[in-house]
Q: 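Here it is, the structure in full.
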Amino acid sequence: MSITLPDNLTTWHIDARAITTGTDGPMLVGQSTADFISTKPLLIRPVTPRFFVVGDELSIGAIVNNNTPREQTVQVELIGTGFTVLNDVTLIQTVSIPAQGRQRVDWPIVVLDVSNIDATFTVRNEDGSYTDGSKPLLGQGDERLLPVYRYVAHETVGTAGVLDGPEARRVTETIELPEQADTERGSLRIRLDHTLAGPMLDGLNYLQNYPHQCIEQTVSRFLPNIMTMRALAELNQSNPELKQNLNQQVIFGLQRLYALQHSDGGWGWFPGDASNPLTTAYALIGLSEARNSGFAAVDTSVIERAGDFLYGYIAQQEGSGGLDNLQDWKLNQRAFILYALNRSAYASGLDSATYAARLTLMYEQRHRLNLDAQAFLMMSMMANDPNDPRLETLKSDFMSAATFAGSASATGIHWEDRPDYYNWTTDTRTTALVLMALAHYDVTNDLLPGAVRWLMTARQADAWETTQETAWSVMSLTDWMLLTRELEANYAFGVDLNGEALLPEDTRVTPDTVRESQRLRVEIEELLWDEANQVVITHGEGPGNLYYTLHLTTFLDVPGIEPASRGISIERQYYLADDPARQPITSAKVGDEVVVMLTITALRSLNYVVIEDPIPAGAEAVDPHLLTTSIVGQRPHLEIADRADWGWWYFSHTELRDEKVVLYATYLGPGTYTYVYRLRLGLPGQFNVIPATGQEFYFPEVYGRSAGMLFTIEP
């Protein structure tokens, strides 16, 4: 019996079963299995890396199997483009291969400045009766091309600004290209926004559907909704769906607060907890805003009892030795309580001189307050006396404490706070509160658009990380939207590059299109190289803001550049896996396992960080998911080597790509980290290793770059 096999060279498993008819005797049954290989008389298998870097010098080759019972003299040929063969080695080589034997044939090459290498390997015996040919199995596309990367490192710089109406404005941004930049790779990206507050409605949905129901989250479900609905109504941008759901949310929240208020007038975090001043202050704000928005169901006696509890608490603090003896976290909490009493109008029923004196005492202790507490203090002082000269001092302190998105960004501004586990303090919540305070005091402050932009990019999907962050971010953005009147935008705008318009002449924004954005991209070959490029952004007459962001990405030749540190610092070191001393190396042998250690220093808090580390073309990153004994317990890992302050870090995952390893970290606090993974060396040669780079995903100008290197893999 013969079987025709599919056109596939592989190992086959055959299972044969037979049974007799039984007509001439007993019925017989039999079964047999066997493994065999379908192959060709001559078989060629290319040996190449998955990719190359321009200037790499290495040997590519092919393994030829002679599966015949006789010795064969064969010609092995390399056909291709994108490389030059070295050492006078010919493209056709003649070799003798013994019966049932195999032999490797190599060609030393240098990689040219091309986008890919096209290589074909063929073999034929003397009379041409046996032939075979193959392209690299790891090639890309139908032609199995091998990509070639230039020995360059990308670099991104950015700037941003705002043109605010109603008066006509224009701004010119100058862009000069680096001399060593690649003329074919890179781009200028321009983004135009007319409002940065639109996504706040997504945050409201997140709060509405949050699965846990402590007292803080009960209030967070309806308080930001009330403030947003009020602002939209004032701007003639009512949201029927929001209004329809709000009444039900408020009623549910109020009934829950009524039922869970303790006999002393306070609330705990959860019903079984003792009354907590922080939770009670937040509940008081929610109840008061529900009352101020006209919800008749609000029981004013509940508000009065909560105010009495808080007033008694701060009075007790003063009778226990004064503010000098209070711990810092209690001072921070006191600032929030005074803000809640003022916002609820409870303070207006008290002696105004006593309340003002309490604010003065807190102002004198401001050096001990966290930034979020200072923001509450500033808003309380503004409500008490909007002309208080001390407000200018608080504003100046906030200006000095601003952080420009990793210390190197012109497109994002935020505030980093000290740890306070008792008062829900996070950098995002603090940024929202400072934005709220400064916007009410000086809405024209140049820092505020950057703070709004930072808040928008700090979101995770449609919300921020905690309900407190989401609630205050939504309320802060609502205040910004109301103060700037940006949803009433109605103006023409344009963008010119070197005198040529990038948008149609009649481009205009209206209240119906205010939430739309424009994204423009100009390839680097379209920019001027011998003089500065001029980007002119214009805002026509009419109300509304126009925010712009420019990012220029270039690719620089590695030999002509130094390591860079603009908010992130990266160093790269190779050492042998079996070397306990971790001596840095620039060469190793085929088959060795090499440990790669990246030392990452975050100068400031970093969010959504991407670290890319290109690898030598003759090596492969060890996949931690493969069950090979050499990597047991050696998964890629990120460790904190030295952290400058408290915090946490989130290491999302690693991608092991053909040409690089990519690390994603959701958050890195200030400090030094080491990221470690392994390479296995497979092909000999001299390989250009592109520098490792790191950047914030949403603020790519926060950037760091290691040095490049030449790594030799010896036979």
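The analysis underlying the following values was restricted to heavy atoms, covering all of them including side chains, and did not include hydrogens, waters or symmetry mates.
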Q: Start with the C-alpha gap between Glu612 and Lys660, add the side-chain angles, then the distance that decides, and say whether salt bridge (Lys or Arg N to Asp or Glu O under 4.0 Å) holds.
A: CA-CA 7 Å; Glu612 296 185 351; Lys660 61 188 174 184; 3.3 Å; yes
Q: Please determine, by modelled atom types, if His154 and Tyr703 share a side-chain donor-acceptor pair under 3.5 angstrom.
A: no
Q: Any side-chain to backbone donor/acceptor pair from Thr513 onto Val509? Under 3.5 Å, distance only.
A: no
Q: Using a strict cut-off of less than 4.0 Å between a Lys/Arg side-chain nitrogen and an Asp/Glu carboxylate oxygen, indicate whether Arg343 and Glu289 qualify as a salt bridge.
A: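 Here Arg343 pairs with Glu289 in a salt bridge, since their nearest N and O are under 4.0 Å apart.
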Q: At what distance, to the nearest 0.5 angstrom, does CZ of Phe398 lie from CE of Met378?
A: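 It comes to 6.5 Å.
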Q: Between Gly494 and Leu503, what is the shortest heavy-atom contact and its length?
A: CA-CD1, 4.4 Å
Q: Between Glu659 and Arg657, does the salt bridge (Lys or Arg N to Asp or Glu O under 4.0 Å) criterion hold? Intermediate values first, please.
A: CA-CA 6 Å; Glu659 78 284 6; Arg657 304 183 186 178; 5.1 Å; no
Q: Test of understanding: with salt bridge (charged side-chain N to carboxylate O under 4.0 Å, His left out), list the residues that count as partners of Asp658, not counting sequence neighbours.
A: Arg50
Q: Would you please say whether a donor-acceptor pair under 3.5 Å links the side chains of Ser220 and Tyr282?
A: yes
Q: Using side-chain hydrogen bond (donor to acceptor under 3.5 Å, both in side chains), reason through Thr553 and Ser187 one step at a time and then give a plain yes or no.
A: CA-CA 5 Å; Thr553 299; Ser187 64; 5.1 Å; no
Q: Please lay out, stage by stage, how Arg566 and Glu155 fare under the test salt bridge (Lys or Arg N to Asp or Glu O under 4.0 Å).
A: CA-CA 11 Å; Arg566 295 198 298 271; Glu155 183 172 272; 3.6 Å; yes
Q: Strictly distance-based, threshold 3.5 Å: is any side-chain N or O of Asp427 a donor or acceptor partner for the main-chain N or O of Asp417?
A: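 Pair found, side chain donor or acceptor close to backbone of Asp417.
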Q: Please find out if less than 6.0 Å separates the ring center of Tyr491 from that of His539.
A: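 Distance test on ring centres: under 6.0 Å, yes.
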Q: Which heavy atom of Gly708 sits nearest to which heavy atom of Val558, and what is that distance?
A: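 Heavy atoms of Gly708 and Val558 come nearest at CA-CG1, 3.9 Å.
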Q: With no hydrogens and no angle check, just 3.5 Å: does a side-chain donor-acceptor pair link Asp479 and His440?
A: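 Yes, a side-chain donor-acceptor pair sits under 3.5 Å.
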Q: Compare every heavy atom of Glu523 with every heavy atom of Gly186, then report the nearest pair and how far apart it is.
A: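 Nearest heavy atoms, Gly186 then Glu523: O-OE1, 3.3 Å.
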Q: Check the pair Ile690 / Val53 against side chain to side chain contact (heavy atoms under 4.5 Å, CB included), numbers first and verdict last.
A: CA-CA 8 Å; Ile690 299 171; Val53 174; 4.3 Å; yes
Q: Are the side chains of Arg572 and Asp613 in contact, using a 4.5 Å heavy-atom criterion?
A: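 Heavy-atom side-chain distance check passes, below 4.5 Å.
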Q: Would you say the side chain of Leu477 lies within less than 4.5 Å of the side chain of Met436, judging by non-hydrogen atoms?
A: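 Answer no - side chains too far apart.
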Q: Under a 4.5 Å cut-off applied to non-hydrogen side-chain atoms, are Leu435 and Leu455 in contact?
A: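 The answer is yes; the side chains approach within 4.5 Å.
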Q: May I ask you to decide whether Arg418 forms a salt bridge with Asp420, counting only side-chain N to carboxylate O separations under 4.0 Å?
A: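 So Arg418 does not pair with Asp420 through a salt bridge.
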Q: Please step through side chain to side chain contact (heavy atoms under 4.5 Å, CB included) for the pair Leu433 and Ser476, ending with a clear verdict.
A: CA-CA 7 Å; Leu433 289 168; Ser476 179; over 6 Å; no
Q: First locate atom CG of Asp397, then atom CG of Leu369, and finally report the distance between them rounded to the nearest 0.5 Å.
A: 10.5 Å
Q: Just by distance, do the side chain of Thr484 and the backbone of Trp480 share a donor-acceptor pair under 3.5 Å?
A: yes
Q: Of the non-hydrogen atoms in Ile561 and Ala153, which two are nearest, and what is the gap between them?
A: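 Looks like CD1-CB, 4.0 Å.
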Q: So Lys395 and Tyr441, do their side chains get closer than 4.5 Å, heavy atoms only?
A: yes
Q: Verify, without hydrogens or angle tests, whether Asn498 (side chain) and Gln534 (backbone) share a donor-acceptor contact under 3.5 angstrom.
A: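 Yes: the side chain of Asn498 pairs with the backbone of Gln534.
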Q: Measure the CG-CG distance between Leu188 and Leu502 for me, rounded to the nearest 0.5 Å.
A: 8.5 Å
Q: Sub-3.5 Å donor-acceptor pair from the side chain of Ser706 to the main-chain atoms of Ala692, do we have one?
A: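 Yes.
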Q: If I compare all heavy atoms of Phe222 with all of Thr218, which pair ends up nearest, and what's the gap?
A: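 Closest pair (atom of Phe222, atom of Thr218, distance): CD2-O, 3.4 Å.
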Q: Is any side-chain heavy atom of Leu603 closer than 4.5 Å to one of Ile568?
A: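 Heavy-atom side-chain distance check fails, nothing below 4.5 Å.
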Q: Are Leu391 and Met382 side-chain neighbours, meaning at least one heavy-atom pair lies under 4.5 Å?
A: yes
Q: Would you compute the distance between atom CG of Leu438 and atom CG of Asp442 and round it to the nearest 0.5 angstrom?
A: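 If I round to the nearest 0.5 Å, the distance is 8.0 Å.
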Q: Is it true that atom CG of Asp446 has more than 12 heavy atoms of other residues, nucleotides or ligands lying nearer than 6.0 Å?
A: no
Q: Given His194, which of Phe493, Tyr547, Tyr548 fulfils the ring-ring contact (aromatic ring centres under 6.0 Å, His included) condition?
A: Phe493
Q: Under the salt bridge (Lys or Arg N to Asp or Glu O under 4.0 Å) rule, what do Glu184 and Arg150 come out as? Steps first, then yes or no, please.
A: CA-CA 11 Å; Glu184 297 180 2; Arg150 292 188 175 181; 3.1 Å; yes
Q: Determine whether Ser517 and Asp193 satisfy the following criterion, side-chain hydrogen bond (donor to acceptor under 3.5 Å, both in side chains), listing intermediate values before the conclusion.
A: CA-CA 5 Å; Ser517 299; Asp193 294 288; 2.4 Å; yes
Q: Is there a side chain to side chain contact (heavy atoms under 4.5 Å, CB included) between Ile190 and Arg519? Walk through the geometry before answering.
A: CA-CA 6 Å; Ile190 304 172; Arg519 292 175 174 84; over 6 Å; no
Q: Kindly give the heavy-atom pair with the smallest separation between Ala335 and Ala373, and that separation in Å.
A: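 Closest approach of Ala335 to Ala373: CB-O, 3.6 Å.
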Q: Can you tell me how far the CG atom of Leu177 sits from the CD1 atom of Ile175, to the nearest 0.5 Å?
A: 8.0 Å
Q: Measure the CG-CG distance between Leu377 and Asn370 for me, rounded to the nearest 0.5 Å.
A: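 Going from the CG atom of Leu377 to the CG atom of Asn370 covers 13.0 Å.
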Q: Find out whether Ile611 and Tyr673 are in side-chain contact, i.e. whether some heavy atom of one side chain is under 4.5 Å from a heavy atom of the other.
A: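 Contact flag for Ile611/Tyr673 side chains = no.
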Q: Does Gln180, at its CD atom, have more than 12 non-hydrogen atoms belonging to other residues, nucleotides or ligands within less than 6.0 Å?
A: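 Result for CD/Gln180: enclosed.
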Q: Does any non-hydrogen side-chain atom of Val536 lie less than 4.5 Å from one of Arg170?
A: yes
Q: Go through the steps to decide whether Val171 and Leu163 satisfy the test side chain to side chain contact (heavy atoms under 4.5 Å, CB included), and finish with yes or no.
A: CA-CA 8 Å; Val171 65; Leu163 299 175; 4.0 Å; yes
Q: Looking just at side-chain N and O atoms, do Thr425 and Asp372 make a donor-acceptor pair shorter than 3.5 Å?
A: yes
Q: Quick check: does any side chain N or O of Thr431 sit under 3.5 Å from a backbone N or O of Trp415, one acting as donor and the other as acceptor?
A: yes
Q: Is Asn116 reaching over with its side chain to a backbone N or O of Val148, donor-acceptor style, under 3.5 angstrom?
A: no
Q: Step through it carefully: locate the ring centre of Phe376, locate the ring centre of Trp424, and say whether they are under 6.0 Å apart.
A: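 No, too far apart.
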Q: Test your reading of the model: is there a side-chain donor-acceptor pair from Thr426 to the backbone of Arg429, 3.5 Å cut-off?
A: yes
